[in-house]
Amino acid sequence: MRFFRYLRRNKRLAAGIAILTFLFLFATLGRLIAPPARAYPLAVPANKPPSLEYPFGTDSQGRDLLATIVMGTYLTVRIGVLAGIIGLAVGTFLGFTAAYYGGALDTIVRWAVDVLLTVPGLLVLVVIAALIQRTLNPTSLSLVLALLAWMGPTRTVRSQVLSLRERAFVRIAQLSGEGNLEIIFRELFPNLLPYLGASLVGSVTGAIFASLGLEQLGLGAMREPTLGMTIYWVQYYGAFIRGLWWWILEPVAVIVLIFMGLFFLSAGLDEFANPRVRRVA
Amino acid sequence: MRAAYLLKRFGLLLVVVWTAATLNFFLPRLTPRNPIRERIVQMAVSGGYLEQGIEQMVKAYEAKFGLDQPLWKQYFRYLGDMARLDLGYSLTAFPKTVMELIGEVVAWSIGIALATLLLSFSIGSLLGALIAWPKSPKFLQYLVAPLMAVSSVPAYIFGLVLIYFLAFRARLFPMSGGFTLGTVPDGSFAFYMDVLKHAILPAISVILVSLGGWALGMRGMMVTVEGEDYMILAEAKGLKSRRIFFRYAMRNALLPQITGLGLSLGYLVTGQILVESLFGFPGIGALLNRSIFVYDYNAVLGITFMLILSIGVVTLILDLIYPLLDPRIRTGRKVR
Amino acid sequence: MTALLELREVTKIYSGGVFRRRTTVALDRVSLSIGTEKPTITAIAGESGSGKTTMGMLFLGFLPPTSGEILYKGKDLWAASKEEWRVFRREVQAIFQDPFEVYNPFYKVDHVLTMPIVRFHLANSRQGQQEMIEKALIDVGLRPEETLGRYPHQLSGGQRQRITVARALLLQPKLIIADEPVSMVDASLRATILQSLRKLNQELGISILYITHDLATAYHICENIMVLYQGSVAEAGDVETVIKNPQHPYTRLLVGSIAWPDPRHKWGQEVAEYRGETLTQKTAGCKFAPRCPRAKPICRESPPPLYQTNHTRAAACYLYEDNPILAGHEIGRVLSQ
Amino acid sequence: MDPILSARDLSVYYYTERGPVKAVDHVSLDLQQSMRLGLVGESGCGKSTLAMALMRLIRPPGRIVHGEVLLDGVDLVKLSAEEVRRTRLSKIALIPQGAMNSLNPVMRVREQIADGIVDRDELFSIAEIEARVTELLESVELDPRVAGMYPHELSGGMKQRVCMAIAISMRPKVIIADEPTSALDVVVQRQVMDTVRRLQEELGLSIILIGHDMGLMAQSVDFLAVMYAGRLVEIGSVEDIFLQPLHPYTQLLISTLPTLEVRGVFRGIPGITPTLLNAPEGCLFHPRCLKATDACRSEETPVLKEVSFSHCVSCYLYEDNK
């Protein structure tokens, strides 16, 4: 299949896809081995090191860490993906209309993006989360994150559409009787796919980073076993001093894998979008 | 050309700061219950030792927010306070003001932030340039993959790994805190060495992560620059390899790096806060973490505002420096 | 008789810059009409910045004029109804300069040919559509089996440019705006494409506006020529009259600079006395005055009108002020319509 | 007397994933003292690669596979990187193609002219350099004040003149001009070419002018070499090439050119230029040649032979000549 041949050439994309597929399998098949119910406190005896019975060991609150990490991976990635998709959808719409129709709308969008990108997203999130802290669950957390995930895609889409709009093939499309909507969806959209892909991965990475950040500051979905909360409890219960090494390293390992997978995926997509950069791999 | 450019950048700063102040003003009012009032009641109920301060504080807050006046009046007075950097009182450390709280810890944060930023930016950019430069030693190429891996991970996650191996297992560094508990911060040399020992791990975790980011950014830019026509002419002029590397390649590749610096300030500050909260290093991050923990909303709002303000100011400074480095912005076109 | 498409005293000003309105006058009160009786090939010649591409964009309806009118069959194009615009789109087509930019990299090259057929319902069946496409490709010297089904990056610049000419063949418009159609194509293929353009004109009766900076090819293929300098008409008329015996000082400089591919026709000396590139200060009068060796005081005061020096040529230069003045929109008189 | 610069059986291949691209294949040519040689051919025929090879500026994945480049008797291909660096600009200089961005955008013109001179062994005082830069700018008809300006403040023609000033800054023996005016307007192009000619005569330089514009060649050079698909197919005086072209490709090329006398006659060259990827031996033009014979379709590549005084062609039609 042509796609696999391309993967051999674009090693980064291959690495990204491989890591994320592994995580996907881990999060889905894992649930069969370690049902989510064991990911909540007092489900299993506490502080057990990894053993045959508890492959990932257990934590001080009596959670089976395998179930916790499996559930955590699913929840954290879902938060990121949900926020990223919403961000991308809003960003694509705003980016397209601002760039294609231009005028006042374009200036407003451009200024809004410039301003909001200067303001670090996490700080605003801290304020929001601190105020509505009690009611946060993973879904509402991802909605909050989505509030600040749309600026990146808006800027990428807008700059791409601005450059594509001037291209001669758009003129030829107009000369062939194509209306604005046809041009947007038949001519411009397909060329944007690699950029949309890379920008989606960017927003998902940003959203996951923000969710971990909030949970580190104790503002996440306190009752859910997301990866960020596991890290929070690791510090809260002083896992270091009590030598519960598995409780520390397991969530860290998975988080590192998630971010590396996303990074290689976005690097691979960039390469796909402009192959010239690859020349000196 | 220059005046318009400066006006635009200064305007951006004003709008950023205005947005931050507006968000800080309206967000608490969006939620049905006002957390600040709720907090005062909660502290009053916990009673006892705070008895005599409570009335005075409630009156201060009433006056402060003038809750009886129309919203827009409160809003303008609030903007006035913000303009004078009067962030109001801390709820839990009353009568200290938020500014005082920040003042106590800001030196720590600035110290480590500047050090990590300068180190990671300079080492990262140079490393990235060398990796992309065909004449540099071959082993550098093998650094690309690890740099990529490291630069994708959030700094404080990396910090966890460092704490476990270097602090917990190898006992080389203290596990947390800004200085050994119990020592008196007397400003002596020994004290500073102690602080340095505590600052090593947080600094390394931030440097390693951002170093990778700068290196990869620089490498990409160098690859693009090497394709430019002026590089071919530079070589055709028989220039020495070192001159071509520094004066032609790096000089041009650095420009977008500095723009990148401006754009990533928000990310760097956030990273710093999380690392400080992980290590308990007594900077603004730890203060923010503690304020959240004790529901001191005024402090949380104040700290957020100050951070956004400082980022805006630093961005403006970078925008002022940039034309000095890139003549195309400094001098407009004279000849058609 | 009303012209198919006419620019009447059209000016186009681009404005940019947020704080200080930097305005550039791309076109300054220019008129030209494309008749319906005899299909003609008219060259719009000028250096970069002369406004020739802007003129092409105005003719194609991609740019509204800042002042003056664009008349399509006598009616103001920009006041026309949606339906009239559809007919206009069908009758006025274009061939662009860069054979790489004209193709959407996402689709095969066939997309450029099938799109107009579908949108303008030129064929009643898929079979009919395929036949039309293959016939058009053969007419421009391309073998369908070597061209169709390929992606743009798999074809050479020459092949791609010939496909856009085939596209024009398919649509059989009344007017084609060809903006530098051969400047990015190799010499050997240039002749083939110019041959196809001439065939469009002579066999299918399609008028062509040939926008170029290359006077040699213009001399070869066009009947009329209009020379632009910084947005204004310097000289216009029959191409042989203008090229063989240029009158306006700028046209003389331009013709004198042509590098004729013939060792016996060496560059003369007459170009030497023109002043080189000077900082273009804005002068009230003739725009060429700062560089013109024969500039008179009046040249710097007011812009020269068009003087008709003989029945097939007019030049906007005070050197010929004893000739009758030709109003801007009457320029058609010196061009064979 | 022996030529100032000569290429002997020079081949340059680009090693891509799908095999070697034979950009320059067994090319030999001589450049006499103060001669103006034009190197012409369609895009992708390898003329720019040949130019870069003459200055040993070939970058990976390209490599000079075999052959010699003798400059003043010294073979550049055998020199060490440092030795080649020294000969550049002092003996052989380049006027680049991309006039628009051949100058370092963040460096003043003065410094870009001076650094080529300074990077040699002898030391110069600030005053000496300033005087030299002013003298060079005046020699290319530029106002000395340009020295303090940045490239983006100059027009296309002025940038190209700065590149010329750089090229002659150390009185080289040979100048290679790779399509110096391709990005310029007709009038500016003429003025720039006049300056090139004046400098060539005053300094007695030998020039190789590379380009695809036959008209420019007719006006600017004495001898013309025609390249096709990486090989030299014909070389001769400008009059010989234009008036009595021998090689079928040159004949077709000349016939496509617009002339003042005859209007409206167009004859293109059928077919498309061959790919240089894994190019076979033999004459590469035979698929498009109207006079192709069996010999032409054979394996060996026709050798460049002198058919009349200093007019050589590599084509089997002239095989029976001595």
Side-chain angles (χ1 to χ4, degrees), chain C residues 45-50 141-142 146 155-159 162 184-199 213-223 239-240 243-244 250 253-267 271-272 274 276-277 279-280 291, chain D residues 40-45 141-142 154-158 161 181 183-191 193-195 197 212-221 224 237-243 249 252-273 288:
Chain C
E47 295 177 307
S48 46
S50 59
L142 285 173
E146 259 178 29
L155 297 176
S156 77
Q159 284 171 303
R162 282 185 280 179
M184 290 182 76
V185 163
D186 276 318
S188 59
L189 277 168
R190 189 167 294 169
T192 329
I193 292 177
L194 292 177
Q195 200 172 20
S196 312
L197 288 181
R198 176 171 281 271
K199 180 201 281 228
H213 67 280
D214 176 356
L215 291 183
T217 52
Y219 173 75
H220 234 274
I221 184 171
C222 305
E223 295 132 42
V239 75
E240 196 140 1
I243 298 284
K244 285 230 162 122
Y250 173 65
L253 173 64
L254 217 50
V255 170
S257 305
I258 301 176
W260 288 100
D262 181 350
R264 292 162 308 194
H265 185 81
K266 284 289 186 189
W267 268 335
V271 169
Y274 282 82
E277 284 187 84
L279 310 185
T280 46
R291 298 173 65 182
Chain D
V40 78
E42 292 178 308
S43 46
C45 72
E141 294 146 20
L142 277 178
L154 307 179
S155 71
M158 295 164 85
R161 288 173 190 277
T181 59
L184 302 178
D185 276 319
V186 173
V187 172
V188 176
Q189 168 175 305
R190 163 82 194 262
Q191 289 158 348
M193 288 317 286
D194 285 350
T195 310
R197 169 190 280 266
H212 61 275
D213 182 340
M214 294 294 272
L216 201 59
M217 291 297 168
Q219 303 299 335
S220 322
V221 293
L224 201 53
S237 72
V238 167
E239 287 73 18
D240 286 346
I241 297 285
F242 274 91
L243 305 177
Y249 172 66
L252 281 170
L253 203 56
I254 302 296
S255 68
T256 67
L257 300 175
T259 58
L260 205 50
E261 290 70 26
V262 179
R263 280 186 65 213
V265 171
F266 302 96
R267 278 186 50 236
I269 303 180
I272 49 172
T273 42
R288 302 172 76 185

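Per chain, numbering begins at 1; letters A, B, ... match sequence-line order.
Taking the side-chain contact (heavy atoms from CB on, under 4.5 Å) definition, one finds that D:Glu239 meets it with C:Pro263, D:Ser237, D:Leu243, sequence neighbours left out. Under the side-chain hydrogen bond (donor to acceptor under 3.5 Å, both in side chains) criterion, D:Arg288 pairs with D:Tyr228, sequence neighbours left out.
Taking D:Ile254, D:Thr256, D:Asp213 one by one and counting their heavy-atom pairs under 4.5 Å with chain C, the maximum is reached by D:Thr256. No other option in C:His220, C:Glu47, C:His213 has as many heavy-atom pairs under 4.5 Å with chain D as C:His220.
Of the inter-residue distances, the one linking D:Glu42 atom CD with C:Leu189 atom CG reads 7.0 Å to the nearest 0.5 angstrom.
Closest non-hydrogen pair, C:Ala259 versus D:Leu216, comes out as CB-N, 3.6 Å. The shortest non-hydrogen separation linking C:Leu254 to D:Val187 is CD1-CG2, 3.6 Å. Between D:Ala218 and C:Asp262, the shortest heavy-atom contact is CB-N, 3.6 Å.
Proximity to chain C is absent for every atom of D:Leu252, based on heavy atoms less than 4.5 angstrom apart. Residue contact with chain D, scored on non-hydrogen atoms closer than 4.5 Å, is absent for C:Leu215. Within the 4.5 angstrom heavy-atom criterion, only side-chain atoms of D:Met193, from C-beta onward, approach chain C.
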